[in-house]
Amino acid sequence: MPHDPAVKIIKKQSWGDYHLFRFETPALAAGAEPGQFLMVRVSDTPFPLLRRPISLHAKEKNSLEIFFQVAGQGTALLAQKKEGETLDILGPFGKRFIPDTNALPTPAVLVGGGRGIAPLYFLAMELNKLGARVKVLYGGKSRTDLPVREKFEKAGLDIVCSTDDGSFGHHGFVTGLLESEIRRQEPAILYVCGPDPMMKKTAEIAAARRIPARISLESMMGCGFGACWGCVKRIRRDEGGEWRKICEDGPVFWADKIIWEEKE
Amino acid sequence: MPHDPAVKIIKKQSWGDYHLFRFETPALAAGAEPGQFLMVRVSDTPFPLLRRPISLHAKEKNSLEIFFQVAGQGTALLAQKKEGETLDILGPFGKRFIPDTNALPTPAVLVGGGRGIAPLYFLAMELNKLGARVKVLYGGKSRTDLPVREKFEKAGLDIVCSTDDGSFGHHGFVTGLLESEIRRQEPAILYVCGPDPMMKKTAEIAAARRIPARISLESMMGCGFGACWGCVKRIRRDEGGEWRKICEDGPVFWADKIIWEEKE
Amino acid sequence: MTPDLTADLGFLKLRNPVLTASGTFGYGLEFEPFMDLSKIGGIVVKGLYYGPREGNPPPRLVETTGGLINAIGLQGVGVEKFAAEVLPKLRQIDTAVFVNVCGASDDEYLKAIEFLNAQEGIAAYELNISCPNVKKNGLCPALGPDPTYALVKQAKAASRRPVIAKLSPNVTDIVEIAKAAEEAGADGLSLINTLLAMAVDIETRRPKLANIFGGLSGPAIKPIALRMTYQVASAVRVPVIGMGGIMTGADAIEYLIVGARAVQVGTANFIDPAAAARIAGEMKDFCEHKGIARIADLVGTLKTD
Amino acid sequence: MTPDLTADLGFLKLRNPVLTASGTFGYGLEFEPFMDLSKIGGIVVKGLYYGPREGNPPPRLVETTGGLINAIGLQGVGVEKFAAEVLPKLRQIDTAVFVNVCGASDDEYLKAIEFLNAQEGIAAYELNISCPNVKKNGLCPALGPDPTYALVKQAKAASRRPVIAKLSPNVTDIVEIAKAAEEAGADGLSLINTLLAMAVDIETRRPKLANIFGGLSGPAIKPIALRMTYQVASAVRVPVIGMGGIMTGADAIEYLIVGARAVQVGTANFIDPAAAARIAGEMKDFCEHKGIARIADLVGTLKTD
Ligand SMILES: Cc1cc2nc3c(=O)[nH]c(=O)nc-3n(C[C@H](O)[C@H](O)[C@H](O)COP(=O)(O)OP(=O)(O)OC[C@H]3O[C@@H](n4cnc5c(N)ncnc54)[C@H](O)[C@@H]3O)c2cc1C
Ligand SMILES: Cc1cc2nc3c(=O)[nH]c(=O)nc-3n(C[C@H](O)[C@H](O)[C@H](O)COP(=O)(O)OP(=O)(O)OC[C@H]3O[C@@H](n4cnc5c(N)ncnc54)[C@H](O)[C@@H]3O)c2cc1C
Ligand SMILES: Cc1cc2nc3c(=O)[nH]c(=O)nc-3n(C[C@H](O)[C@H](O)[C@H](O)COP(=O)(O)O)c2cc1C
Ligand SMILES: Cc1cc2nc3c(=O)[nH]c(=O)nc-3n(C[C@H](O)[C@H](O)[C@H](O)COP(=O)(O)O)c2cc1C
Ligand code: FES
Ligand code: FES
């Protein structure tokens with residue numbers, strides 16, 4: 001039963017709006033895989049009503065990490081939790097980032113924007129273990145928006161950053177970094193997580209170059225485990241598309257299967 | 001403006017379900033009087049929606065104390081607050097316990113049951129200062145239900161206790177203590193706060209002996225300052241009774257003005 | 001540039017779109033220690049019958065998740081005492097005063113209006129045809145288009161002032177009732193009053209309210225109230241005043257976007273007695289932030305394409 | 001002494017009074033990892049049309065204070081695929097299965113019923129005449145006594161199984177609709193479906209749901225749902241199944257006290273996927289604690305004198 005009502009926070013790190021928790025939770029860590037997410041109860045009162053989906057950021061034998069950014073009242077309450085406190089968590093849920101073992105010798109490029117970097121650390125560590133050559137592209141608004149950069153570096157991972165304001169690394173969007181990376185050497189595969197416009201742009205780049213890309217989508221989730229049908233997005237089938245559940249059929253999809261919403 | 005959105009808890013003491021907070025709050029302490037109460041916001045989320053009324057337990061120049069018992073979800077959240085944290089508080093509100101200066105030489109007897117002892121400490125200290133002879137009767141379920149007994153003793157106040165189970169002091173209800181006290185020496189005045197049946201019984205005793213008694217009533221409060229008309233109880237007028245607001249016209253009333261509800 | 005916050009009700013221009021809801025702001029004076037009453041658009045006083053009223057026995061309140069059920073039953077002083085003791089003080093305050101008029105029968109509404117017509121310092125009447133706490137099972141004129149039409153028509157004929165009809169959410173088709181009130185000549189519509197509700201004490205097996213039923217208010221009902229405000233504002237020409245669960249400036253702006261020209265703040269006053277002024281301030285900040293010159297430009301701008 | 005928890009719906013005895021509400025429990029199997037499905041009274045599966053259905057575009061959910069607005073729009077596999085792929089698995093589970101039947105027209109309801117009649121392993125049909133997310137403005141048969149009567153009558157004639165009519169709260173007089181369904185032969189009534197609601201994003205000035213309107217569920221609506229359950233249970237003879245915002249055993253017991261013979265747990269399943277079993281356990285504990293030998297003895301015991 002993937003439910004641990006008292007997951008202990010054994011380590012907390014904070015950088016402004018960003019927070020990292022390490023949990024001691026053998027029950028949930030067993031079998032947890034990169035790309036999956038947890039459904040976290042952020043309070044023991046009826047406010048907020050629903051759990052919040054948060055990706056797995058890292059895993060060790062009996063422990064898991066999450067890395068999140070305050071986006072509203074739920075994540076603000078979560079950020080108030082302290083080391084030693086416990087959380088009620090369900091999961092892990094969802095389909096993992098499948099490591100493309102065929103492509104192993106040529107580099108796998110991981111593209112993360114803002115909090116979207118969260119699941120890519122876990123994936124990078126796994127790909128690394130599998131012997132894949134990994135390059136991480138990490139974009140933020142400014143220098144202070146890249147809190148886990150050093151963590152990748154310490155783990156010996158090849159990481160390049162961009163900031164919208166140019167205060168650190170490449171000046172511009174992370175998709176710009178991706179374009180120059182592709183010019184340098186075409187990646188075998190892309191793994192992507194970030195804000196919608198960034199993911200959409202990455203999907204376009206991947207499509208133009210015919211680079212396979214796996215994208216982790218976000219969506220408003222009622223349950224996280226397939227019961228409410230609230231989290232759907234349009235996913236391509238043989239012909240046409242259909243509403244598929246992000247929590248169960250995703251959150252990771254092949255980029256060319258995603259039908260992006262047209263919004264003003 | 002009797003509103004302090006950031007009242008700091010400078011001291012916290014806990015005994016099981018009972019908790020005492022001392023606040024640093026010159027704004028609210030100025031003019032605060034025994035019998036009055038505060039409206040405390042126990043969380044910064046919409047749950048619970050309403051503030052909770054809590055009596056003033058003690059006052060020093062710039063600080064106030066409250067003493068409360070966990071009764072439900074609101075007081076449970078309040079009890080989780082720690083020293084150094086702040087609370088959003090309105091008040092003080094309500095009519096004070098008026099010290100009956102005519103009766104000063106003969107003893108004023110203060111009768112408190114359970115959490116009802118809260119406002120009586122503040123009152124006892126004031127009466128004491130005014131030179132009145134004060135006797136406090138304090139009833140609880142059992143020995144552990146009398147957490148502030150020592151506090152009264154340390155302040156040099158004359159206090160006698162009762163417990164329902166006989167584990168400390170007089171075995172029985174505090175109204176039994178009151179009856180023996182009256183047999184010993186008839187008090188000039190009673191000041192009473194506790195559960196409804198205890199207050200009703202005290203009112204009956206006071207009426208039978210024609211001892212003036214001031215009783216502090218409780219009621220479900222929407223606002224605490226006279227705006228919602230939710231907190232009414234039946235209070236006697238010249239003839240008949242009318243619904244009067246506990247928060248504004250009370251919480252302290254003359255015992256013989258209170259018309260007690262008939263419930264099964 | 002300071003945004004223009006005025007709200008135009010047609011018959012009256014308000015300083016800003018924030019009024020206080022009837023029954024949640026006493027007679028207004030209770031809030032003077034907490035707030036400068038000239039900072040808000042106006043106040044709607046507690047419902048008044050012609051004569052004084054006892055109200056319901058307690059318990060009168062139950063808190064629920066995100067909500068408050070009340071069964072006050074319109075305890076109040078009646079219009080005469082109100083005119084003698086409260087109105088003179090309210091006239092000293094620079095804000096629009098709306099009187100929420102109640103009646104056990106059509107005649108009683110008219111008697112109250114006729115008496116109030118002779119008093120100064122009232123901007124308009126809000127006809128409370130929707131209180132669920134007075135008759136059994138929450139019955140009130142606003143449950144049907146016919147009683148609504150009949151009562152509003154008579155009230156308009158009797159009144160020398162603009163009449164706003166306050167609608168009930170406890171109906172199948174609120175647009176039908178809104179249209180009946182508009183046809184009868186209402187100068188504006190306000191909505192919603194509370195939703196008929198109850199709660200039970202499982203220990204005693206008794207209703208938690210002495211009155212059994214009460215009216216639910218607070219953030220819990222906002223999604224329902226906003227939907228109804230949108231439906232009504234899209235269907236009538238008279239100005240609509242929206243309310244239900246407004247706690248913040250953002251909540252109030254949602255109401256403007258769906259078509260309300262002004263809003264009322266109710267339950268929030270109990271938790272934060274300066275809520276109405278705070279909300280008006282937050283709305284101003286929003287406009288400044290977004291470069292909106294006139295807050296009225298937000299009204300009815302919901303994009304649904 | 002272990003209390004007797006059985007709930008008697010007349011046409012069926014349930015192990016205990018806790019069912020799961022349609023649309024909040026998938027097809028049941030989604031919850032097997034979390035809960036022993038034989039610990040609850042039964043499951044009501046997600047609403048089924050005769051054919052497969054796409055549902056509404058996202059966003060389909062908005063969280064509100066104490067509530068959830070959904071506009072799923074009944075995305076689903078249709079009865080054929082359900083019968084082929086889901087029912088065989090449900091038949092392995094020792095619990096009562098109710099099928100929530102939907103239709104865009106009366107005929108479609110009947111087609112679904114006729115198809116399902118031929119399948120085994122279904123305890124009863126719950127006729128979803130009250131979904132607010134399918135037609136414009138939340139229109140559905142349960143808004144009027146006549147369409148309710150007509151549809152229930154036909155469904156009864158077509159059905160070889162008991163038929164429960166699921167009522168809408170978006171009405172002026174739910175008792176009138178309940179009586180129409182009873183007269184038409186409904187074997188039971190369940191209530192409430194969700195309350196028509198909306199929310200607005202003030203940044204984009206768009207509705208937060210692609211469908212504009214959705215249905216509000218969760219603890220926010222409990223006081224309204226409980227009131228309606230009480231009104232209906234006091235007015236009909238057929239068994240009533242209550243729901244709306246049940247999160248705990250105490251909530252469920254409130255429903256029994258006002259007259260429901262059983263309850264359904266909805267939104268709570270999303271937060272605690274073992275909620276239904278937990279609630280059944282809490283109800284048992286309550287009975288033990290209070291020395292109540294049969295939980296059915298609580299039904300309709302509200303004291304209002
Ligand atoms: C599969 C998945 C994995 C995620 N992993 C992470 C992670 O590792 N780190 C991290 O910081 N965030 C992650 N998120 C996003 C995170 O769930 C939201 O930021 C959070 O739910 C917002 O809750 P809130 O109460 O703080 O904000 P709210 O006040 O509820 O909303 C604030 C804003 O966030 C949007 N939002 C609300 N819920 C969601 C949601 N479920 N998904 C996306 N946007 C939402 C709202 O539309 C609104 O614009 C993930 C989301 C999904 C679906
Ligand atoms: C003027 C006044 C002064 C008070 N002073 C103190 C004090 O000094 N120390 C202290 O421990 N308690 C005091 N109380 C009682 C305290 O307000 C309640 O215990 C508290 O509001 C319960 O909130 P809750 O959320 O914990 O419980 P809930 O879950 O809301 O309710 C638990 C139980 O408490 C009852 N209750 C709820 N609200 C009130 C209320 N406003 N008054 C009485 N009963 C209520 C409910 O009916 C229920 O039976 C005072 C009450 C009043 C009216
Ligand atoms: C305690 C209380 C008393 C009320 N009294 C009245 C009243 O006298 N007249 C009236 O029209 N509405 C009355 N209402 C309804 C409010 O004016 C308002 O319509 C409702 O509370 C919804 O707004 P809210 O959610 O902001 O509180 C009352 C509401 C509450 C909570
Ligand atoms: C996401 C979601 C989907 C729903 N789908 C259905 C449905 O298919 N058929 C139906 O009759 N009711 C449906 N409902 C309504 C519930 O069955 C129930 O009536 C309502 O949610 C109130 O109960 P609750 O407050 O416990 O959730 C749905 C509710 C939710 C939240
Ligand atoms: S979040 Fe409920 S089905 Fe995906
Ligand atoms: S608590 Fe609101 S009037 Fe007394």
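Reminder, nothing fancy here: chain letters follow the sequence lines and each chain counts from 1. Being a predicted model, the structure only gives us computed values, none of them experimental.
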message: Is there a side-chain contact between C:Met198 and D:Val258 in this structure, where contact means two heavy atoms from C-beta onward sitting under 4.5 Å apart?
response: yes
message: For D:Leu196 and C:Gln231: C-alpha separation, side-chain torsions, deciding distance, then whether side chain to side chain contact (heavy atoms under 4.5 Å, CB included) applies.
response: CA-CA 11 Å; D:Leu196 194 64; C:Gln231 289 178 311; 4.1 Å; yes
- prompt: Side chain, backbone, both or neither: which part of D:Tyr255 has a non-hydrogen atom closer than 4.5 Å to chain C?
  reply: neither
- line: Cut-off 4.5 Å, heavy atoms of chain C, and the answer for D:Thr301 is both
message: How long is the straight-line distance from CD1 of D:Ile221 back to OG1 of C:Thr64, given to the nearest 0.5 Å?
response: 11.5 Å
Pairwise side-chain contact, C:Pro207 with D:Leu302, heavy-atom cut-off 4.5 Å (strictly under): yes
query: Under a 4.5 Å heavy-atom cutoff, which of C:Gly218, C:Pro223, C:Pro219 has the most pairs with chain D?
result: C:Pro223
message: Out of D:Ile253, D:Val62, D:Ile257, return the one with the most heavy atom pairs under 4.5 angstrom to chain C.
response: D:Ile257
- prompt: Minimum heavy-atom separation for D:Val200 to C:Glu254, with atom names?
  reply: N-OE1, 2.8 Å
- request: Measure across D:Ala199 and C:Leu226 and return the closest heavy-atom pair with its distance rounded to 0.1 Å.
  value: CA-CD2, 3.8 Å
- request: Scan residues 55-72 of chain D for pairs that pass salt bridge (Lys or Arg N to Asp or Glu O under 4.0 Å), counting only residues two or more places apart or in two chains.
  value: A:Arg52-D:Glu63
- prompt: What are the two closest non-hydrogen atoms of C:Gly66 and D:Thr65, and how far apart are they?
  reply: CA-CG2, 4.0 Å
Audit row: D:Leu298, C:Arg205, side chain to side chain contact (heavy atoms under 4.5 Å, CB included) steps and yes/no: CA-CA 9 Å; D:Leu298 283 169; C:Arg205 299 196 205 166; 3.4 Å; yes
field: Which portion of D:Ile69 sits near chain C, non-hydrogen atoms under 4.5 angstrom
entry: side chain
- prompt: Taking it one step at a time, do C:Tyr230 and D:Ile212 satisfy side chain to side chain contact (heavy atoms under 4.5 Å, CB included)?
  reply: CA-CA 10 Å; C:Tyr230 175 56; D:Ile212 307 178; 4.1 Å; yes
query: Relative to chain C, which segment of D:Asp305 carries a heavy atom at a distance below 4.5 Å: side chain, backbone, both, or neither?
result: both
- request: Considering non-hydrogen atoms only, spot the tightest contact between D:Ala197 and C:Ile224 and give its length.
  value: CB-N, 4.1 Å
- request: Considering only heavy atoms, give the residues of residues 169-182 of chain C separated from chain D by less than 4.5 Å, sorted numerically, with 'none' for an empty result.
  value: C:Asn170, C:Val171, C:Thr172
